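Scroll down for the structure; my scribbles are underneath it.
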Amino acid sequence: MTNTFDPEKLQTALETVHRAGIPGVFAEVRDDDRIWRGAAGVADLATGRPVTAEMRHRVGSITKTFTSAAVLQLVDDGEIELDTPIGRYLPRLVPGERGTAITVRMLINHTSGLAEYFPHAYPSLAAFPALAKTTPTSLDDNRFTRFHATDLIEMGVAAPATGTPGGTPGMYSNTNYLLLCQLLETVTGTSAEKYITRNVIERAGLPDTELPAGPHINGPHSLHYEAWFGMIDPPRDYSVYDMSWVGPAASLISTVADLNRFFGLLLAGEIISPSSLAQMQRTVPVISFEGKTIDYGLGLHKMEIPGHGTYWGHDGSVWGGGAMSMTSADGKRQMSIAVNLQRWNQLDSSGKPQPHPIDDALRALTQLALCG
């Protein structure tokens with residue numbers, strides 16, 4: 001793997017993402033002791049306030065790695081067993097045969113067969129994944145809705161199963177991670193938010209990372225613009241949003257610097273034991289919300305870049321906010337990127353998202369940041 005990065009090229013790649021249509025993009029790249037941070041574009045389209053690399057941002061499903069790490073710490077402590085049926089811990093939430101068949105591991109790696117709850121919680125998205133039959137109405141309706149995790153879990157458990165427990169490919173589902181949060185609560189006697197904060201966020205020394213209690217992002221941040229496949233035009237800001245609809249499955253607020261620090265420590269065996277890290281890196285094929293098959297471990301994605309080796313991390317998306325954090329297998333090269341526009345692809349006549357210049361620009365930035 002190459003040991004250098006070119007700050008000018010990285011800055012140019014950020015500018016290209018901005019010019020392709022992302023209002024604001026920012027990133028941090030690390031190579032051993034070298035650190036580069038950059039930003040391009042605006043945090044607020046109305047005022048032109050620039051985006052900066054230090055901004056706090058909703059990072060979506062990157063939260064899952066934090067939640068998985070918290071569960072694995074309890075595995076290390078002998079409080080939870082990965083291959084124990086979830087029905088043993090949470091008999092009321094996953095009753096009967098499924099409670100016996102679905103293990104903790106199957107929740108973490110999305111092979112439980114439990115359906116995603118959010119098309120049931122957001123009526124205008126009921127047709128998901130048939131995007132052309134959805135509308136963004138529910139996004140606005142639920143801006144300040146306080147959801148209860150157990151209600152959301154019940155929707156996912158009641159919905160038709162997406163597969164047999166342990167079968168592959170798995171299907172990505174937030175229902176799995178809300179169940180893991182209930183598991184944390186049952187075993188520790190404290191809320192998942194408090195446990196993850198104390199044992200993962202604070203232990204890793206992440207000053208700008210939090211699981212929010214309210215709808216606001218504290219501190220300097222960008223607006224979060226959602227386009228919902230061209231149906232919100234111009235894209236609307238959803239940075240103020242009650243995140244109880246995902247909780248510690250996807251509600252984390254962080255910075256690109258904190259994300260790199262976290263994944264660096266995690267992959268160095270500083271947050272969970274080497275044996276739990278080895279479990280985390282055992283992958284299975286999982287089908288993402290976008291319909292892509294990904295190599296998924298216990299809250300970690302695996303990415304192979306031909307000629308440059310293996311990278312570990314996660315990506316995430318919320319209404320209007322997106323992020324991605326990847327670290328090379330040897331821990332030396334790291335990249336975290338945040339963008340303030342989501343679902344920019346328009347749908348074609350068959351309802352499929354069409355390619356957009358942003359896609360190519362982000363791919364080029366990722367390749368350069370990890371390998372260039």
Side-chain angles (χ1 to χ4, degrees), residues 17-26 40-51 55-62 116-147 152 172 174 212 215-217 221-246 249-251 253 288-292 315-324 337-362:
V17 173
H18 169 55
R19 278 200 307 275
I22 293 279
V25 53
F26 48 106
V42 297
D44 185 331
L45 285 165
T47 66
R49 174 169 60 93
V51 76
M55 284 182 162
R56 304 180 85 220
H57 199 71
R58 298 196 193 277
V59 299
S61 283
I62 293 175
E116 173 60 50
Y117 61 78
F118 86 66
H120 306 280
Y122 277 42
S124 80
L125 305 185
F128 187 88
L131 298 172
K133 295 180 181 171
T134 65
T135 77
T137 311
S138 293
L139 277 63
D140 291 311
D141 291 347
N142 289 296
R143 194 183 278 270
F144 297 107
T145 303
R146 198 84 191 137
F147 285 102
L152 297 170
Y172 195 87
N174 284 302
H216 295 276
I217 303 171
H221 63 278
S222 164
L223 301 189
H224 288 43
Y225 293 103
E226 178 62 50
W228 195 259
F229 307 103
M231 295 181 216
I232 306 175
D233 188 18
R236 196 174 300 138
D237 168 38
Y238 289 93
S239 58
V240 177
Y241 210 92
D242 187 305
M243 296 302 290
S244 60
W245 69 280
V246 281
S251 65
I253 293 166
S288 72
F289 284 151
E290 294 79 33
K292 297 184 179 112
D315 59 2
S317 166
V318 295
W319 310 134
M324 182 184 197
I337 296 172
V339 295
N340 63 1
L341 175 70
Q342 284 297 286
R343 284 159 284 274
W344 51 77
N345 305 80
Q346 304 268 345
L347 303 180
D348 64 16
S349 55
S350 69
K352 283 199 178 124
Q354 294 177 285
H356 191 288
I358 290 170
D359 305 324
D360 290 335
L362 277 173

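Position 1 is the first residue of the sequence; numbering continues from there. Every heavy atom of this structure was used, including side-chain atoms; hydrogens, water molecules and symmetry mates were not. These numbers were taken from a predicted model, which means no experiment stands behind them.
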Show the nearest heavy-atom pair for residues [X] and [Y], with the distance to one decimal.
X	Y	answer
Val25	Val51	O-CG1, 3.8 Å
Val318	Arg343	O-NH2, 2.8 Å
Ser317	Gln342	OG-OE1, 2.9 Å
Glu116	Phe289	OE1-CZ, 3.1 Å
Leu131	Met231	O-CE, 3.4 Å
Asn142	Thr145	OD1-OG1, 2.9 Å

Just verifying a value: how many Å separate [X] [atom1] and [Y] [atom2], rounded to the nearest 0.5 Å?
X	Y	atom1	atom2	answer
Lys292	Tyr172	NZ	OH	13.0 Å
Leu223	His221	CG	NE2	6.5 Å
Asp237	Asp44	CG	CG	7.5 Å

May I ask you to check whether Gln354 and Asn345 show a side-chain donor-acceptor distance below 3.5 Å?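 No, Asn345 and Gln354 have no side-chain donor paired with an acceptor closer than 3.5 Å.
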
Examine the side chains of Asp140 and Tyr238 and answer whether a donor and an acceptor come within less than 3.5 Å of each other.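 The criterion, which ignores hydrogens and geometry beyond distance, is satisfied for Tyr238 and Asp140.
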
Assess the residue pair Phe147 and Asp242 against the criterion (side chain to side chain contact (heavy atoms under 4.5 Å, CB included)); give the C-alpha distance rounded to whole Å, side-chain angles, the decisive distance to 0.1 Å, and a yes or no. CA-CA 9 Å; Phe147 285 102; Asp242 187 305; 5.9 Å; no

Are [X] and [Y] side-chain neighbours, meaning at least one heavy-atom pair lies under 4.5 Å?
X	Y	answer
Val339	Ile358	no
Trp245	Trp319	yes
Pro353	Phe229	yes
Phe118	Leu152	no
Ser222	Ser239	no
Ile217	Tyr241	no
Trp228	Asp233	no

Taking the six-membered ring for Trp and the full ring for Phe, Tyr or His, determine whether the centres of Phe128 and Tyr122 are under 6.0 Å apart.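 No.
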
Looking at Phe26 versus His57, is the centre-to-centre ring distance below 6.0 Å?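 Yes, the ring of Phe26 comes within the 6.0 Å limit of the ring of His57, centre to centre.
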
Side chain of [X], backbone of [Y]: donor and acceptor closer than 3.5 Å?
X	Y	value
Asn340	Gly321	no
Ser251	Val246	no
Thr134	Leu125	no

